[in-house]
Amino acid sequence: MNVGNILEEKGRDVVTLRPTVTIGEAIGVLAEKRIGAVVLTDEAGEVAGILSERDVVRILAAKGAESFQETVADAMTPKVVTCGEATTLDELMDIMTHGRFRHVPVLQDGRLAGIVSIGDVVKRRIETAEREAEEIRQYIATA
């Protein structure tokens, strides 16, 4: 199982915004779409940053409600860790665990191809464990 398999199953849609939108607007998008992060892209469609719920909490704690009028560029994480479609689930889990983040944009040929969340990873790990348990039950039943 790799990231490409996950994207084939869940889809490749990624919610993106420009770094020039306000934090208030970005919060509205996160709430409306019921997502935990949004990828920020520049005019060329290149990844410029990512804004997660944690980024929002940090800027709100530091600056309060007036931060709603600031641009996302003031709160986003500019150095985005990405993966490719060939990245395995184990590699992705390692990336997420060591980086302490829950969303990883996927690049294919330098272009944004999707995003995976820790929820996507956990779902696939559970499915794999259940499938393996069923295989063991089947083997025992026929032995």
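Quantities reported herein were computed from a predicted structural model and do not represent experimental measurements. Note: hydrogens, waters and symmetry copies are ignored here, and every other heavy atom, side chains too, is used. Residues take their numbers from the sequence shown, with the count starting at 1.
Summarising the geometry of C83 relative to I95, their closest heavy-atom pair is CB-CD1, 4.4 Å, with the distance given to 0.1 Å. Smallest separation of non-hydrogen atoms from G114 and L7: CA-CD2, 4.0 Å. Shown here for T71 and T20, the closest heavy-atom pair between the two residues is CG2-O, 3.6 Å. What you find for V121 and L89 is that their closest heavy atoms are O-CD2, 4.3 Å.
The shortest side-chain heavy-atom distance between E85 and R12 falls under the 4.5 Å cut-off. Two residues are said to be in side-chain contact when any heavy atoms from C-beta on lie closer than 4.5 Å; M76 and P19 meet this criterion. Residues E46 and R111 meet the side-chain proximity criterion, which asks for heavy atoms closer than 4.5 Å. In this structure, P105 and V14 have side chains that are not in contact, with every pair of non-hydrogen atoms separated by 4.5 Å or more. Under the 4.5 Å side-chain criterion, counting only non-hydrogen atoms from C-beta, L40 is not in contact with V47. Contact check for V57 versus L60: no side-chain heavy atoms found under the 4.5 Å cut-off. Two residues are said to be in side-chain contact when any heavy atoms from C-beta on lie closer than 4.5 Å; I126 and E130 meet this criterion.
In the hydrophobic clustering of this structure, V80 does not group with L51; members are Ile, Leu, Val, Met, Phe, Trp, Tyr whose side-chain heavy atoms approach within less than 4.5 Å, directly or through other members. A continuous path of hydrophobic side-chain contacts links F68 to I59 [ILVMFWY only; heavy atoms under 4.5 Å]. Note on L92: it clusters hydrophobically with V122, by side-chain heavy-atom contacts below 4.5 Å among ILVMFWY residues. Criterion: ILVMFWY side-chain heavy atoms under 4.5 Å apart, direct or through other members. Under it, V56 and V15 are part of a common hydrophobic cluster.
Between atom NE2 of residue H103 and atom CD1 of residue I35 there is a gap of 7.5 Å, rounded to the nearest 0.5 Å. The structure places CD of E127 at 5.5 Å from CD of E9, a figure rounded to the nearest 0.5 Å. One finds the CG atom of L30 at 7.5 Å from the CD1 atom of I27 (value rounded to the nearest 0.5 Å). The CD1 atom of I6 sits 12.5 Å away from atom CD1 of I115, with the distance rounded to the nearest 0.5 Å. In this structure, CG in N2 is found 9.5 Å from CD in E8, a value given to the nearest 0.5 Å. Annotation: the span from I50 atom CD1 to L17 atom CG amounts to 11.5 Å, rounded to 0.5 Å.
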Open item on the list: What verdict does the side-chain contact (heavy atoms from CB on, under 4.5 Å) test give for E25 and R18, after you've listed the backbone C-alpha separation in whole Å, the side-chain angles of each residue and the deciding distance to 0.1 Å?
Closed with: CA-CA 11 Å; E25 291 169 319; R18 297 274 188 255; over 6 Å; no

Open item on the list: Could you walk me through whether E134 and R131 satisfy the salt bridge (Lys or Arg N to Asp or Glu O under 4.0 Å) test, starting with their C-alpha distance in whole Å, then the side-chain angles of each, then the deciding distance to 0.1 Å, before giving a yes or no?
Closed with: CA-CA 5 Å; E134 181 58 29; R131 187 172 42 256; over 6 Å; no

TODO: Go through the steps to decide whether R125 and M93 satisfy the test side-chain contact (heavy atoms from CB on, under 4.5 Å), and finish with yes or no.
DONE: CA-CA 10 Å; R125 294 295 269 179; M93 285 175 31; 3.4 Å; yes

Open item on the list: If you apply the rule side-chain contact (heavy atoms from CB on, under 4.5 Å), what do you find for V106 with L112, and how did you get there?
Closed with: CA-CA 6 Å; V106 181; L112 188 60; 6.0 Å; no

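Counted by atom type alone, S67 and E70 present zero donor-acceptor pairs between their side chains at under 3.5 Å. Side-chain contact of D55 with S52: a donor-acceptor pair under 3.5 Å is present, judged by distance alone.
The pair R102-D120 does not meet the salt-bridge criterion, since no charged nitrogen lies less than 4.0 angstrom from a carboxylate oxygen.
A donor-acceptor pair is defined here as one N or O able to donate and one able to accept, closer than 3.5 Å; such a pair exists between the side chain of T87 and the backbone of G84.
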